[in-house]
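Read through the structure below, which is laid out as structure tokens, and then see the notes.
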Amino acid sequence: MTTTTQAAATQAATTQAAQSERETVLTVTDLVVSYYTDAGRAKALDKVNLTLKAGEKIGLVGESGSGKSTMALAMMRMIKAPGRIEAGNVVVGDIDLMSLSDKDMLQARLSQIAYIPQGAMNSLNPVTRIGSQLVDAMKAHTKDVSKEEMKERAIAALESVELKPEVFKMYAHELSGGMKQRVCIAIGILLEPKVIIADEPTSALDVVTQRQVMETINRIQEQIGAAVILIGHDMGLMAQSMDKVAVMYAGRLVEVSTVREMFTDPKHPYSQALIRSLPKLEEKGVFEGIPGMAPSLLRLPNGCAFHPRCRDVMDHCKTTRPENQVLTGGRRVTCHLYAEENEKAVA
Amino acid sequence: MSLKYIGQRILYLFLVVWAASTITFFIPRLSSRNPVRERFAELARMGGFAPADLEKIIADYSRAFGLDKPLFQQYFDYLAGIARFDLGVSLNLYPKTVAMLLWESLPWTIGLLIVTTILAFVIGNLLGALSAWPQTPNWIRGFATSFVMLQGVPPVLLAILLIFFIGFKLKLAPLGGVYSIGTIPEFSLSFILNLLWHQMLPALALIFGSLGGWVLSMRGMGVTIQGEDYVTYAEHKGLGARTIFRDYYLRNALLPQVTGFALALGNVVVNAIVVESIFGLPGVGSVLFAAIRSNDFLVIYGIVLFITMGVATLMIIVELLYPLLDPRIKHT
């Protein structure tokens, strides 16, 4: 039920008519992840909701420790002790990942939802050939495919990310950083998943390579029609190549908007502060930061987690936690400022 | 891997062997003991009388063995002998040659020590890798770590404890020797089983003695490798636990262990002397031990030379095999 309202809301927000007809490939509902440490329970994800359509690209931004990577891991069901997924659903296509057996989950990884790692530098096994690392991924997911065909498909995947077929026989140490990242993308698209999560895929690369890698991701993503979640800090990169931006703060998604809306009219005070902090061409000189520090997940402030740093703080922000709400136009914000507006919208 | 590199390694091997044999040549000569005199003194003691011309006999034998020449002359004769593959004769067991002694004792040592060293390496590394692997059941972990405790027990004590409890109290294994007294060596199943049965306790002593070290170092390596990005990424790829364990985790954690294996081969000799003496096995260790006691230096030279050659050659083989295990290493 919530899914349909969300879908309707996102539809309205999307300017491209073609995209609105595409099916929903990812629905995350009320996802809760906690880490149980000696110092107590840290809520790393707190009722996160997210919907993605086929071909949609969303950027996930937020400070370190805001839960971006935890969200990626939770969607892959790779949260390890002392962490635990405590509630929520992740539906990819028509498969509810949380209800799968461990064995079926292994099958779902890469074939339904793929992950492009953060540290591509060290993400490839140093002692086996690149080719065998593509082939073993295929082997784990497909039966009755001959060795020759797997090799052909692996080489095709390498070529689709603009790598030479010779890379198949090479080792990780013989490749440059950008090439390694491409290999990881090739592995990610090998089984044409519905959702691709790229966790800071360009953070270790120089700007030129960054751009090439992003172009590759975009091109490939269009080819196979997958939805992409790009995790990162780089707002410029998000603006260039994403459709939507989701802002995380202290384990919650505080705002989900289209790129244009986010950069011209951010709603949540935290997003506003983020956008203000970006350097502008017109006004050289002073940068505006966000005062204060990100809160510890072990001791979140009462009420809204952002209220100690918020410039629009109101009295009930300090006591009541704001709920995630859909604004007119389909934007989602978690802030008391828009409570009235939301009531009107629902009415 | 170039021929030039192999050539260099072989040259290096000769240097090592030369250095080792030079050191072993001079060390026994630092003492003023004369093995020939000692041997005849012992014969005289056993026979109950000393022949009148004992001094002349000793001098004659010393001349026959070349012991009357200046030390440096003897040294060069010795090196020349090695070049001719002539290791000389045993002073104590004359007319047996050193080569004969080696030939008789080597199969025992190789059979027991090489097999146990390899077994300890394989079992120890597997247990160590398992004990660092998160999905391993706790009982395997406990089992693996218990061997680390055994590591603290000196091999001598371990051997004696095994003899006492398993051999003497429980009577599950023979106390020593190579095969049951009264059996005739032959090529039959029952004789081979008898042989293996006698090797059981020494083998256990050797395996238990070194297992803990492998478990400990492999566990440490395993913990490191487990945190590597490529292991996590392998999980993201949806690979099965078995594939990740074998191809991503074990394969990488094993690399430094192979170097450790080459180094452990040197210890084989020390273990041989201890274990073979305790269990009364006629291996190289026992022969070397007897030779040291009677200052039979030609035998000491021969065995040490042989062991140095063996270990150095194995090291080179391991080194040459290394690029096959780790593609990042290339010999140029």
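Order of the sequence lines fixes the chain letters, A, B, ..., with proteins taken first and strands second; residue numbering starts at 1 for each chain. Any value given below was found using the heavy atoms of this structure, including those in side chains, with hydrogens, waters and symmetry copies removed.
For the pair B:L254 and B:L325, the minimum side-chain heavy-atom distance is 4.5 Å or more.
Using a 4.0 Å cut-off between charged nitrogen and carboxylate oxygen, A:R219 and A:E162 count as a salt-bridge pair. Using a cut-off of 4.0 Å between Lys/Arg side-chain N and Asp/Glu carboxylate O, A:E166 and A:K164 are scored as not salt-bridged. Comment: B:E235 engages A:K80 in a salt bridge, judged by a side-chain N to carboxylate O separation of less than 4.0 angstrom.
Of the atoms belonging to A:Q133, heavy atoms from both backbone and side chain fall under 4.5 Å from chain B. Only the side chain of A:Y171 comes within contact range of chain B, with at least one heavy atom under 4.5 Å from a heavy atom of that chain. When heavy atoms are compared at a cutoff of 4.5 Å, B:Y230 approaches chain A by way of both its backbone and its side chain.
Considering only heavy-atom pairs separated by less than 4.5 Å from chain B, the leading option among A:D136, A:I116, A:L190 is A:D136. Most heavy-atom pairs under 4.5 Å with chain B, from the set A:L191, A:L106, A:N125: that is A:N125.
With no hydrogens or angles considered, no side-chain donor-acceptor pair links B:D229 and B:T232 at under 3.5 Å.
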